[in-house]
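Because the structure is a prediction, the values reported are computed rather than measured. Hydrogens, waters and symmetry mates play no part in the numbers below; they use all other heavy atoms, side chains included. We name chains A, B, ... by the order of the sequence lines, and we start the count at 1 in each one.
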Number of protein chains: 2
Amino acid sequence: MKKLTIKDIANHFSVSISTVSKALNDSYEISKSTKQKIQEYAKVHNYKPNFNALSLKKRKTKTIGVIIPNMLNYFFAQVFKGVEKEANKNGYKVITCISNESFDKEVETIEMLSNGSIDGFLLSIAEETELKNNFTHLTKTIEHALPIVMFDRVAQGVDCDKVITNDSEGAVNAVAHLAKTGCKHIAFISTQSHLKSGQERELGYIEGLKKEKMQVNPNLVIHILEEDYKQYERILLPYFEENKIDSVITTDESSAIAAMKIVQSKGHHVPKDFSVISFSNGIIARHSSPKLTTVSQHGEIMGETATKMLIDKIEKKQGYEEIKTKIIKTDLVFRNSTKI
Amino acid sequence: MKKLTIKDIANHFSVSISTVSKALNDSYEISKSTKQKIQEYAKVHNYKPNFNALSLKKRKTKTIGVIIPNMLNYFFAQVFKGVEKEANKNGYKVITCISNESFDKEVETIEMLSNGSIDGFLLSIAEETELKNNFTHLTKTIEHALPIVMFDRVAQGVDCDKVITNDSEGAVNAVAHLAKTGCKHIAFISTQSHLKSGQERELGYIEGLKKEKMQVNPNLVIHILEEDYKQYERILLPYFEENKIDSVITTDESSAIAAMKIVQSKGHHVPKDFSVISFSNGIIARHSSPKLTTVSQHGEIMGETATKMLIDKIEKKQGYEEIKTKIIKTDLVFRNSTKI
DNA sequence: ATGAAAGCGCTAACAT
DNA sequence: ATGTTAGCGCTTTCAT
């Protein structure tokens with residue numbers, strides 16, 4: 001069964017294709033009766049204007065491209081959920097690509113989609129791109145009039161809209177809560193010291209300590225590598241043996257769990273003897289014993305926000321020419337790894 | 001900066017557009033020298049053929065549509081990873097939609113994409129669709145010559161390629177391992193008794209018991225609702241108090257964790273006194289104490305397989321006319337919630 | 001070896 | 001109120 005075109009309808013009623021086109025678009029030029037019969041016929045036969053013809057003509061595709069570093073990351077999956085929802089709400093499709101944290105894949109993807117496939121990009125830069133600090137592929141596409149909105153992992157130097165979370169504030173709040181509940185020796189474990197957001201969290205930790213008039217002990221700032229996730233406990237153990245630590249803030253869930261297991265294995269009780277707060281997306285945090293108190297990022301809202309910004313830019317809504325950065329706040333979600 | 005078109009290139013060299021087109025496609029009709037200078041110029045100026053013009057002309061888009069029930073589900077995220085990878089490898093883009101387990105969203109999505117946007121569908125049906133047992137939206141799109149490949153959650157009645165996992169076999173293997181390691185009273189906890197795959201797992205559990213010449217005790221087959229996930233422990237507790245249970249197979253990770261917490265809170269040791277095997281995608285399983293032994297599904301391979309099947313069908317590769325169902329086997333991944 | 005022209009499905013300016 | 005025509009960017013058949 002071939003797809004129905006405007007031409008077929010025109011033939012069927014022995015009218016011109018422009019009459020049909022106008023009728024379907026409810027033009028005032030066409031008589032009520034013709035409009036009715038044509039619209040009726042189109043509906044019954046399930047006519048749908050050809051997407052590519054429309055896009056070619058109108059020079060816009062009503063689709064956006066999203067580049068996500070890693071969909072297995074729950075946070076990014078949440079962001080994507082928000083993107084898809086907001087895009088659909090506005091009648092946009094979304095082409096999704098995973099960069100796998102690879103610079104090359106990111107560049108290739110942008111190349112692939114920079115041929116009129118999409119009206120704009122949403123992206124969170126790959127780890128490798130962040131390290132390389134090479135953003136020419138991004139500046140180039142912006143020059144070519146394809147708008148970009150970056151989310152979460154953002155390239156400061158690139159001139160475009162951005163949506164980020166307030167990582168440092170999240171850490172400050174975490175420190176404040178620990179201090180309030182009597183913790184004196186707060187450690188910080190980072191698996192992301194190579195990333196901007198990881199550095200922000202660390203800065204927030206320091207700032208938080210200062211605010212609480214607590215001393216910053218460099219021995220309590222622990223940097224480990226994400227790729228070593230299978231040996232977190234082994235790697236962390238010495239830190240806990242050589243220092244007096246009564247609480248920890250971690251940049252990720254896995255190291256929070258590892259820290260907790262270490263102190264538990266020494267017979268300590270969480271949260272009575274030891275408190276834990278983790279930056280987190282929540283999935284693992286809700287299944288540990290005890291459940292983790294977290295600095296929670298609102299991925300879905302971030303996705304919605306970024307998408308809205310991009311669509312506003314594409315459709316040149318009021319104020320679209322300003323370049324904005326929006327900040328999504330974090331929430332401290334109290335579970336059972338901290339005292340009240 | 002406007003995008004370069006074939007016309008611009010033609011003007012620049014004062015040749016016709018068809019010459020340019022042929023030159024860019026390396027046609028034998030064009031002289032070596034002209035080809036060279038045109039290709040060179042195109043490369044330098046980063047010419048890219050307009051996607052919509054090409055699609056319109058060629059009547060294919062090199063893009064596939066994927067409908068996923070829920071991207072926050074780690075398994076589906078894994079499938080998606082495989083899809084994206086395989087699609088890209090073959091030069092396809094992927095438009096991704098989330099049905100959110102909703103029948104209506106699924107239908108709308110299919111409507112939205114059935115206008116020449118894509119060359120074929122990949123989908124896992126929404127829970128609601130599975131319950132409604134209404135697949136006319138699917139049969140209709142197949143009739144309209146848009147191929148569909150279903151994965152994981154599959155509509156048996158619909159005539160199309162499918163990729164599924166062997167759920168029942170996974171359960172049989174789980175029972176076998178528990179039996180081998182001395183378990184006598186194996187319970188089964190299902191949060192998915194309304195879904196085909198949940199039923200298959202239960203069937204496999206029964207079959208496994210019979211193979212091991214063990215008695216089937218209906219009291220040990222426990223059905224709970226996924227929406228009650230916050231109260232699994234409360235709901236499950238009575239079963240553990242009223243029955244002699246020394247091991248459990250669960251259809252999901254959360255209830256496995258809940259079961260484990262219950263027995264641990266009674267002072268029992270996992271796996272010494274109690275064994276647990278969970279159907280699982282792995283993320284939570286690797287963070288519990290002890291880590292869970294799982295029946296692991298290979299989501300990424302499933303995604304790759306389904307995508308390859310769809311592309312073969314779209315491109316009418318050898319044998320594309322047969323309708324096939326491929327089965328991805330499960331693996332029993334031994335961690336620490338079972339004995340050896 | 002190169003070019004003219006038709007056409008993919010649609011919109012819209014311009015007749016009639 | 002309806003029709004003709006050009007054109008979106010490209011491929012391809014058919015001249016030349």
Side-chain angles (χ1 to χ4, degrees), chain A residues 1-39 41-42 45-63 113-119 144-146, chain B residues 1-39 41-42 45-63 113-119 144-146:
Chain A
M1 227 172 90
K2 243 209 78 198
K3 283 230 63 176
L4 195 66
T5 72
I6 228 174
K7 203 170 170 181
D8 301 325
I9 305 183
N11 285 338
H12 179 260
F13 288 111
S14 306
V15 295
S16 76
I17 58 164
S18 63
T19 301
V20 176
S21 171
K22 287 170 185 165
L24 291 173
N25 290 298
D26 222 14
S27 159
Y28 67 96
E29 297 180 86
I30 304 298
S31 75
K32 219 161 169 127
S33 60
T34 11
K35 277 206 281 202
Q36 199 156 37
K37 71 180 182 194
I38 288 179
Q39 285 170 7
Y41 184 87
H45 292 78
N46 197 25
Y47 166 80
K48 295 213 201 59
N50 178 284
F51 167 75
N52 292 115
L54 261 184
S55 298
L56 183 56
K57 182 80 214 185
K58 296 257 187 91
R59 289 134 166 291
K60 42 193 195 144
T61 61
K62 282 270 194 173
T63 111
L113 296 181
S114 295
N115 60 355
S117 294
I118 58 167
D119 297 338
H144 284 65
L146 253 192
Chain B
M1 227 174 89
K2 241 210 76 198
K3 283 233 62 179
L4 194 66
T5 72
I6 229 173
K7 204 170 171 181
D8 300 326
I9 304 183
N11 285 339
H12 179 259
F13 288 111
S14 306
V15 295
S16 75
I17 57 163
S18 58
T19 301
V20 176
S21 171
K22 286 169 185 168
L24 291 173
N25 290 300
D26 222 13
S27 158
Y28 67 96
E29 296 181 87
I30 304 297
S31 75
K32 215 157 174 134
S33 61
T34 11
K35 275 205 281 201
Q36 198 156 37
K37 72 181 181 195
I38 288 179
Q39 285 171 7
Y41 185 87
H45 292 79
N46 199 24
Y47 166 79
K48 293 214 202 61
N50 179 283
F51 167 75
N52 293 115
L54 263 184
S55 299
L56 183 56
K57 185 78 213 184
K58 297 257 187 89
R59 291 134 165 290
K60 43 193 195 147
T61 62
K62 281 265 192 180
T63 112
L113 295 180
S114 296
N115 61 355
S117 293
I118 58 167
D119 297 338
H144 285 63
L146 253 192

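Contacts between residues 51-60 of chain B and DNA chain C, defined by a heavy-atom separation under 4.0 Å, are made by B/Leu56, B/Lys57, B/Arg59. For the contact set between residues 7-15 of chain A and DNA chain C, defined by any heavy atom under 4.0 Å, the members are A/Lys7.
Judged as a side-chain hydrogen bond (donor to acceptor under 3.5 Å, both in side chains), the pairs with a partner in residues 49-62 of chain B (not counting sequence neighbours) are, in order, B/Thr61-B/Asp119. For residues 7-20 of chain A, the side-chain hydrogen bond (donor to acceptor under 3.5 Å, both in side chains) pairs, not counting sequence neighbours, are A/Thr5-A/Asp8, A/Ser16-A/Ser18, A/Ser16-A/Thr19. Applying the salt bridge (charged side-chain N to carboxylate O under 4.0 Å, His left out) rule to pairs touching residues 10-22 of chain B yields B/Lys22-B/Glu29, sequence neighbours excluded.
Rounded to 10°, the angle separating the first-five-pair axis and the last-five-pair axis of the helix from C/dA1-D/dT16 to C/dT16-D/dA1 equals 60°.
A/Thr19 has a side-chain polar atom (N or O) that falls below the 4.0 Å cut-off from OP1 or OP2 of D/dG3. At D/dT11, one or more side-chain N or O atoms of B/Asn25 fall inside 4.0 Å of OP1 or OP2 (strictly under the cut-off).
From A/Ile38, atom CD1 reaches atom CD1 of A/Ile30 across 7.0 Å, with rounding to the nearest 0.5 Å. In this structure, CD1 on B/Ile9 lies 12.0 Å from NZ on B/Lys37, to the nearest 0.5 angstrom. Atom CZ in B/Phe51 sits 5.5 Å away from atom OG1 in B/Thr63 (nearest 0.5 Å). The CG atom of A/Leu113 sits 4.5 Å away from atom CD1 of A/Ile118, with the distance rounded to the nearest 0.5 Å.
Counting to the nearest Å, the C1' atom of D/dT2 and the NZ atom of A/Lys32 are 18 Å from each other.
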Taking N or O atoms only and anything under 3.5 Å, show me the protein contacts with nucleotides 13-16 of chain D, one pair per line.
residue: D/dT13; atom: O4; partner: B/Lys22; partner atom: NZ; Å: 3.4

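Considering all non-hydrogen atoms of both residues, B/Tyr47 and B/Leu24 come closest at CE2-CD1, 3.5 Å.
In this structure, the side chain to side chain donor-acceptor pair (under 3.5 Å) partners of A/Asn115, at least two apart in sequence or on a different chain, are A/Ser117. Judged as a side chain to side chain donor-acceptor pair (under 3.5 Å), and not counting sequence neighbours, the contacts of B/Thr34 are B/Ser31. In this structure B/Asn46 satisfies the side chain to side chain contact (heavy atoms under 4.5 Å, CB included) test together with A/Glu111, B/Lys48, sequence neighbours excluded. Residues that satisfy the side chain to side chain donor-acceptor pair (under 3.5 Å) test with B/Gln36, not counting sequence neighbours, are absent from this structure.
Within the 4.5 Å cutoff, no side-chain heavy atoms of A/Ile17 are placed close to those of A/Ser21.
Base engagement by B/Ser21 is indicated by at least one non-hydrogen atom pair under 4.0 Å involving a base atom.
Taking a heavy-atom distance under 4.0 Å as the criterion, the stretch of DNA chain C touched by chain A extends 5' to 3' from C/dC8 to C/dC14.
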